[in-house]
Trainee: 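Below is the structure I would like to discuss, written out as structure tokens.
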Amino acid sequence: MAGASAILAAMAGRFAGGIVVLTGSGISKESGLATFRDPDGIWARVRIEDVATPEAFARDPARVHEFYNLRRRQLLAPEVVPNPAHLALARLEAAWGEEVLVVTQNIDDLHERAGSRNLVHMHGELLKARCVGCGVVVAWRDDLAVETPCPRCARTGGLRPHVVWFGEMPFEMERIGEALGACGLFVSIGTSGSVYPAAGFVAEVRAGGRAHTVELNLEPSEGRSLFAEAIHGPASRIVPGFVDRLLSA
Ligand code: BV8
């Protein structure tokens, strides 16, 4: 089904069940945050095995803290702000409320700062810390170190970034699965489609046989062939136009 008529159908409620928007690091690129697999991406500079696995944290926690401290400081820099793509998604939620769920792989807080509230951080949040001793999760905007005591149990050595590393189960998978099963429109923005289970969401939606699927990305992702429609270009340019199309249909 051509994009525009599918959008109209979504508007007409033929794809009733809501809209799920999956975002990846590409949506935050124009806000100044690095992606992972672009030539200038994070994994071009550090190895996943050294900084983004539980084994890495057990082996060299100081190295892992340094990796996330640098990213946390960068995220909190005054020049890093939501871009028009984040703002457009917040506008869509403002118009359609509970119908819109954003599932982000990103650990930045740019969706929140843009105004999105129906939001799942499936890979966790850079501005939160978790104690492996007592399990508390707290807001955290400073550097973390091995000797940083837990604010609740006072243990040292147990505070970690509240993010999902490779080999760890992403958060809120049940809620995400329900939303994918019910949605009438699945939109993927700024992700290479190379990390699971997020990369498998489009196949999960297609298996339901009802929803329209759209990829909005700088270039075709690994999962491009699974999407019924694709719009390529920088997110801050193509996402507002796409949201306008939805809202004006
Ligand atoms: C799990 C948080 C199972 C931390 C991240 C062996 C053992 C265990 C699991 C596996 C295994 N082998 C494979 C797996 C699965 C594994 C996986 O998928 N590996 C990959 C490498 C093959 N997945 C996992 O481990 C997941 N957990 O499977 O658990 C389980 C089951 C039971 C019990 C326990 C466990 C957990 C994965 C989560 C890892 N954490 N992040 C942190 O951020 O440091 S993943 C990381 O990748 C980020 O979250 C990131 O968002 C995500 C995906 O990357 P993208 O966002 O897509 O970024 P990328 O650079 O790749 O692409 C950017 C795109 O944007 C590009 O397409 C580019 O063209 C585009 N773009 C660029 N600029 C723009 C743009 N688009 C628009 N506008 C622009 N301006």
Side-chain angles (χ1 to χ4, degrees), residues 21-57 63-72 74-75 82-89 102-111 120-130 144 160-174 176-177 187-204 214-224 226-227 230-242:
V21 183
L22 172 69
T23 65
S25 60
I27 198 170
S28 297
K29 180 77 178 292
E30 290 157 275
S31 296
L33 298 180
T35 59
F36 290 87
R37 292 166 188 82
D38 284 332
D40 60 346
I42 292 173
W43 302 145
R45 299 196 294 273
V46 288
R47 288 177 352 116
I48 288 174
E49 297 75 13
D50 293 337
V51 294
T53 66
E55 294 77 16
F57 189 63
R63 173 95 175 76
V64 174
H65 281 315
E66 179 200 358
F67 173 64
Y68 287 97
N69 289 343
L70 283 174
R71 289 173 66 189
R72 192 179 301 105
Q74 188 195 19
L75 175 57
N83 66 56
H86 298 104
L87 296 166
L89 293 181
V102 174
V103 178
T104 187
Q105 300 172 89
N106 301 339
I107 61 175
D108 63 56
D109 65 338
L110 297 176
H111 282 302
V120 173
H121 275 281
M122 66 179 290
H123 291 162
E125 298 174 66
L126 185 54
L127 299 183
K128 288 183 179 172
R130 184 170 85 242
L144 270 174
R160 58 167 280 183
H162 185 52
V163 301
V164 177
W165 286 324
F166 286 92
E168 294 185 322
M169 180 57 92
F171 296 137
E172 302 201 57
M173 286 304 292
E174 199 172 318
I176 295 169
V187 186
S188 175
I189 303 175
T191 180
S192 62
S194 51
V195 172
Y196 290 83
F201 288 170
V202 60
E204 205 172 319
V214 189
E215 167 176 279
L216 299 172
N217 207 53
L218 187 66
E219 59 200 9
S221 74
E222 289 183 27
R224 164 63 189 94
L226 295 171
F227 288 89
I231 303 167
H232 295 133
S236 65
R237 181 166 57 73
I238 63 176
V239 177
F242 180 75

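Remember, it's 1-based here, ligands and their atoms both numbered in the order they're listed. None of the values given here were measured: they were computed from a predicted structure.
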Trainee: May I have all residue pairs that pass salt bridge (charged side-chain N to carboxylate O under 4.0 Å, His left out) and include part of residues 120-130, sequence neighbours excluded?
Mentor: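 Output for this query lists Glu125-Lys128.
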Trainee: With rounding to the nearest 0.5 Å, note down the distance linking CG in Asn106 to CG in Leu33.
Mentor: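 Answer rounded to 0.5 Å: 8.5 Å.
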Trainee: Glu168: what forms a side-chain hydrogen bond (donor to acceptor under 3.5 Å, both in side chains) with it, not counting sequence neighbours?
Mentor: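 Per chain and number, Glu168 pairs via side-chain hydrogen bond (donor to acceptor under 3.5 Å, both in side chains) with Arg160.
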Trainee: Does either side chain, that of His232 or that of Glu215, offer a donor lying less than 3.5 Å from an acceptor on the other one?
Mentor: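 Yes, side-chain donor-acceptor contact under 3.5 Å.
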Trainee: Report yes if the side chains of Tyr68 and Leu126 come closer than 4.5 Å at any heavy-atom pair, otherwise no.
Mentor: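 Answer yes - side chains close enough.
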Trainee: Show the protein residues that qualify under the rule heavy atom under 4.0 Å from an atom of ligand 1, listing them in chain and number order.
Mentor: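 Correct list: Gly24, Ser25, Gly26, Lys29, Glu30, Thr35, Phe36, Arg37, Asp38, Tyr68, Arg71, Gln105, Asn106, Ile107, His123, Val164, Trp165, Phe166, Gly167, Glu168, Met169, Pro170, Gly190, Thr191, Ser192, Ser194, Val195, Tyr196, Asn217, Leu218, Glu219, Gly233, Pro234, Ala235.
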Trainee: By side-chain hydrogen bond (donor to acceptor under 3.5 Å, both in side chains), which residues pair with Asp108, not counting sequence neighbours?
Mentor: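 Ser28.
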